[in-house]
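Basis for what follows: all heavy atoms, side chains included, without hydrogens, waters or symmetry-related copies. Chain letters run A, B, ... following the sequence lines, proteins first and then strands; every chain starts at 1.
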Amino acid sequence: MIAESGHYALVLALALALIQSFVPLIGAWLRDPALMNVARSTALAQMLFVGASFVALVALHVTSDFSVANVYENSHSMKPLIYKITGVWGNHEGSMLLWVSILALFGGLVAAFGNNLPLSLRAHVLAVQAWVASAFYLFILITSNPFLRIANPPIEGRDLNPVLQDIGLAVHPPMLYLGYVGFSISFSFAIAALIEGRIDAAWARWVRPWTLVAWIFLTLGIAMGSYWAYYELGWGGWWFWDPVENASLMPWLAGTALLHSALVMEKRNALKVWTILLSILTFSLSLLGTFLVRSGVLTSVHAFASDPTRGVFILLILCVFIGGSLSLYAARVSSLKQGGLFAPISREGALVLNNLFLTTACATVLVGTLYPLGLEVLTGEKISVGAPFFNLTFGPLFVPLLIAVPFGPMLAWKRGDLLGAAQRLLAAGIVALLALALVWAWAHGGSALAPPAIALAVFVILGSVTDLVERVGLFRAPFGTAMRRARGLPRSVWGTAFAHAGLGIALIGIVCETTWNSEYIGTMKPDDVAHVAGYELKLDGLFQRQGPNFREMIARFEVGRDGESLSVMTPSKRSFTTRGSSTTEAALLTRGASQLYISLGDVTNEGAIAVRIYHKPLVLLIWWGPVLMAFGGLLSLSDRRLRVGAPKPARAQPRLQPAE
Amino acid sequence: MTLWFVFALMTVAAIFAVLWPLGRAGRAQGQDTENQGSEVAVYKDQLAEIERDLAAGLIAAPEAEAARIEIGRRLLAAADSQPALDGRASLKWRRAAAVLALVGLPLVAILVYVPLGSPRLHDFPLAQRDRAPGMQQSLENMVVQVEQHLEKNPTDGRGWNVLAPVLERLGRYDDAVRAYRNSLTYNGESAERRSDLGEALLAAAGGVVTADAKAEFERAHALDAQEPKANYFLGLAAEQDGRKDDAAAIWRGVLAKAPPDAPWRALVQSSLARVGGGSAAPALSDDTIAAAKDMSEGDRGAMIRGMVDRLANRLKQNGDDVDGWLRLVRAYVVMGERDKARGALSDAREAVANDAERLRQLNEGLKNLGLDG
């Protein structure tokens with residue numbers, strides 16, 4: 001009964017979404033509040049029904065009901081409980097159900113907390129949400145139904161792909177989807193604004209926090225996914241410019257630009273056209289990501305749940321939504337009222353520059369991702385576009401952006417003073433140059449570009465600190481006053497500083513890991529010792545162990561440094577009988593922000609084992625950076641004040657300050 | 001019936017979600033419009049925010065003044081263009097929406113659900129199914145259960161004993177090999193288990209007595225010289241190596257000691273008859289010959305080619321076997337592939353080049369084949 005009720009709940013959600021798709025629109029056209037309010041109750045009911053459907057699927061996985069094809073194909077009765085639950089979205093059908101559940105959740109939240117929105121705006125937004133939802137409900141029910149049954153259920157399931165049997169699956173996809181789908185809200189708001197032909201302050205006040213929520217989740221989701229790939233795939237890499245990774249990076253880049261322009265929109269009533277366009281682009285890129293991952297056009301490490309027959313359906317959804325929304329944009333954007341004016345050198349101007357760089361970077365990623373696909377479709381030739389292309393295009397675009405990052409918050413709204421900002425950043429610049437000299441003197445080997453990159457990162461971090469110091473007047477006012485001001489500083493200011501500093505921290509991690517990474521690759525017999533970056537790793541021996549649904553060969557390494565024993569590392573290879581496949585479980589030893597990484601290869605005939613040992617200096621900074629960014633986002637989100645950007649008065653004397 | 005009742009309840013709840021605002025609108029709408037956020041409200045809030053920021057010392061007085069002027073300007077513009085929310089009720093459309101909810105929604109739900117769902121199928125959670133008595137279980141399901149049991153209790157020797165022959169019959173030879181090995185580990189040595197393991201290895205290798213399989217039969221033979229299965233397969237090994245006389249001798253011995261009613265007598269006799277002949281084609285076991293009889297010409301050719309390829313592979317790994325090389329060369333000659341025969345010949349010479357005795361044997365054999373040169 002659980003299976004069929006879950007199925008029926010999903011069907012009812014579709015029916016409700018269809019009603020929600022046009023009844024509120026008729027209501028808005030007739031200005032009938034009752035018809036417009038239908039959007040609200042149907043959105044809430046839809047959320048409940050999809051939620052029930054999702055809970056039903058989870059229950060089926062937990063009780064190992066193999067009469068449901070999805071459970072049979074992706075579960076196993078002896079899998080630990082946590083993987084039975086996470087296995088729900090570890091497959092195509094289940095993950096699509098999670099996708100629509102989150103979509104319905106966001107729709108429900110707008111319905112529940114949207115009291116301070118103009119009634120017709122809310123009706124339009126929820127109707128647009130319902131369009132997206134209807135399309136995806138149909139997609140699930142017709143091509144990827146998780147509730148299809150098997151009349152003669154087998155006694156045992158086929159188990160989940162072993163690579164996915166990891167705690168990463170519990171966190172990464174839900175986070176990523178919260179990010180992807182969260183951008184549907186700003187998309188719906190943008191479309192609603194275009195349909196209504198007006199975009200007002202209430203609009204911006206709503207879009208900014210929702211975009212921020214989606215951005216926080218997407219940031220964490222990408223970072224989590226990258227760390228998961230790093231420790232699970234056993235290659236020691238953390239970013240492969242894989243099309244699926246690009247698919248998540250593109251909405252992040254566009255979403256970051258959107259976040260900044262939504263802020264300008266709220267504070268200064270400017271950049272309306274940018275905000276609308278970026279809302280559409282960001283969600284379109286999320287849809288594109290869903291298409292790339294779910295249609296099976298790619299064959300990559302993430303292609304665990306692909307089926308070419310579904311591709312056409314998603315492609316259709318993609319074309320209708322992206323094409324439709326961009327056409328609507330082209331037709332209606334001129335009718336939007338122009339917003340506030342600003343000088344080229346101003347906070348607004350800096351943010352436009354930021355948008356330009358981010359969207360261009362996003363475009364290069366898009367080209368690098370889609371070009372091989374297009375080429376394959378047209379000529380049948382299979383090529384892969386990898387790190388060299390992206391390093392040459394993406395990298396140079398990010399360098400000027402990073403140089404500009406500390407300047408942005410220093411400029412005043414409406415008309416800024418670039419020279420003044422530069423003077424205030426002088427200290428940060430000098431320290432960055434010192435860092436450059438130090439790194440150059442200390443480092444041997446590696447790319448010549450590494451020291452400047454680290455200097456740039458230091459500049460970005462110190463730039464954020466300088467902004468805070470300037471605002472509280474740390475060295476100008478007495479210490480007590482400065483501290484009082486620091487406490488009174490809006491949390492959104494702290495959020496900005498943390499997010500920008502996170503960018504620099506991640507950059508340091510990336511540069512150190514790629515430049516001064518040292519490795520040992522070879523075969524080792526018991527009692528052999530490998531020397532990597534000053535550490536001695538002694539292989540004690542190989543052991544066998546029986547897990548719940550796998551057998552495991554563990555290698556025990558004793559790690560020492562300068563003759564002193566530090567720790568024991570136990571990388572392993574697991575073989576899963578049901579799927580007949582195996583995974584490598586890398587062992588990680590964290591020392592500060594650096595890590596030792598051991599991953600096992602095959603055992604040779606002589607009883608030796610192939611091992612790869614890496615020392616990755618400051619590698620953890622790569623993920624601490626995004627976590628810090630997300631924390632900054634959270635701080636800003638917790639700041640419930642209205643955002644008002646007070647402009648610099650036109651005739652005020654330019655207040656030049658001495659460089660400190 | 002309960003299922004349909006649940007469906008009905010859910011449908012009613014969904015319909016209610018659409019009807020509720022339609023019915024409620026008359027009473028609460030005035031208040032609703034009042035509460036709705038509007039541009040004016042936001043600008044008023046923003047003005048209040050500026051006062052608070054100014055009081056907290058976050059912005060300076062001239063900036064606050066500039067912001068106030070800007071927002072005031074927007075506030076005036078917004079107040080002018082505020083769309084009149086008169087909230088006209090259009091009963092006609094509301095009724096249409098109500099009808100849509102009452103008729104359309106169940107209709108869509110039924111039309112979509114019926115072709116996709118399986119309302120007659122109950123849930124089958126695993127916990128209930130284990131206890132369900134008299135459930136028809138297929139052989140595969142039982143095997144899975146035994147495998148699960150052994151996964152948890154890998155030292156249950158009896159379980160491996162039961163499982164191994166079933167796996168072999170199901171054609172899962174590699175698993176059968178593993179099961180026989182475990183059975184040997186936990187039940188102890190016996191000639192019978194050794195020869196069973198050898199047979200599974202042979203089946204996994206597609207009917208070729210590999211070195212591993214042969215080693216098992218020899219071990220079985222050492223444990224019990226009378227073990228008929230081990231002896232039979234040792235004979236087969238001899239035959240596949242081309243030592244027909246040895247094979248015949250072994251099989252004659254087996255037959256001499258066999259009880260008159262042994263079911264495998266016929267098999268050994270026919271094998272013996274086969275080596276008595278002496279065809280040029282590579283040796284085939286009874287089963288494969290029986291299988292080959294029913295095959296078309298093309299299938300038979302493919303089978304022979306497969307066996308020849310396996311032999312070639314085996315020799316690539318272990319090139320000491322002079323008889324094997326001779327058989328391979330001869331097979332290629334029979335199959336009419338002289339190039340491959342010549343290739344095999346040079347491989348053979350290379351493989352045994354370091355061993356004068358073997359080289360001599362090889363050359364002699366080749367002379368007999370009429371192939372030297």
Gap between atom CZ of B/Phe124 and atom CZ of A/Arg149 - 0.5 Å precision: 7.0 Å
Do B/Arg94 and A/Val23 have side chains that approach each other closer than 4.5 Å (heavy atoms only, starting at C-beta)? no
Partner residues of B/Arg181 under the salt bridge (Lys or Arg N to Asp or Glu O under 4.0 Å) criterion, sequence neighbours left out: none
Considering heavy atoms only, which positions within residues 66-74 of chain B lie below 4.5 Å of chain A? B/Ala66, B/Ala67, B/Glu70, B/Ile71, B/Arg74
Contact check, side chains of B/Leu126 and A/Asp65, non-hydrogen atoms, under 4.5 Å: no
Hey, are the side chains of A/Asp32 and B/Trp93 touching, using non-hydrogen atoms and a 4.5 Å cut-off? no
With a 4.5 Å cut-off on heavy-atom pairs, point out which of B/Asp45, B/Ile15, B/Leu19 contacts chain A the most. B/Asp45
Flag side-chain contact, heavy atom, 4.5 Å: A/Asn269 against B/Tyr43: yes
Quick one: pull up CG in A/Leu141 and OH in B/Tyr113 and give me the separation to the nearest 0.5 Å. 11.5 Å
If I measure from the heavy atoms of chain B, does A/Ala52 come under 4.5 Å with its side chain, its backbone, both, or neither? neither
Taking all non-hydrogen atoms of both residues, which atom of B/Pro21 and which atom of A/Ala34 are closest, and how far apart? O-CB, 3.9 Å
Drop me the distance from B/Gln46's CD to A/Arg205's CZ, to the nearest 0.5 angstrom. 8.0 Å
Between A/Val11 and B/Val112, which heavy-atom pair has the shortest distance, and what is it? CG1-CB, 3.8 Å
For residues 97-108 of chain B against chain A, heavy atoms under 4.5 Å, the residues are B/Ala97, B/Leu100, B/Ala101, B/Leu105, B/Val108
Could you list the residues that satisfy ring pair (Phe, Tyr, Trp, His ring centres under 6.0 Å) with A/Phe550, not counting sequence neighbours? A/Phe576
May I ask you to test the B/Leu3-A/Ser5 pair for a side-chain heavy-atom distance under 4.5 Å? yes
Contact class of A/Met1 relative to chain B, heavy atoms under 4.5 angstrom: both
Kindly compute the distance separating CG (B/Leu116) from CD (A/Glu4), expressed to the nearest 0.5 Å. 10.0 Å
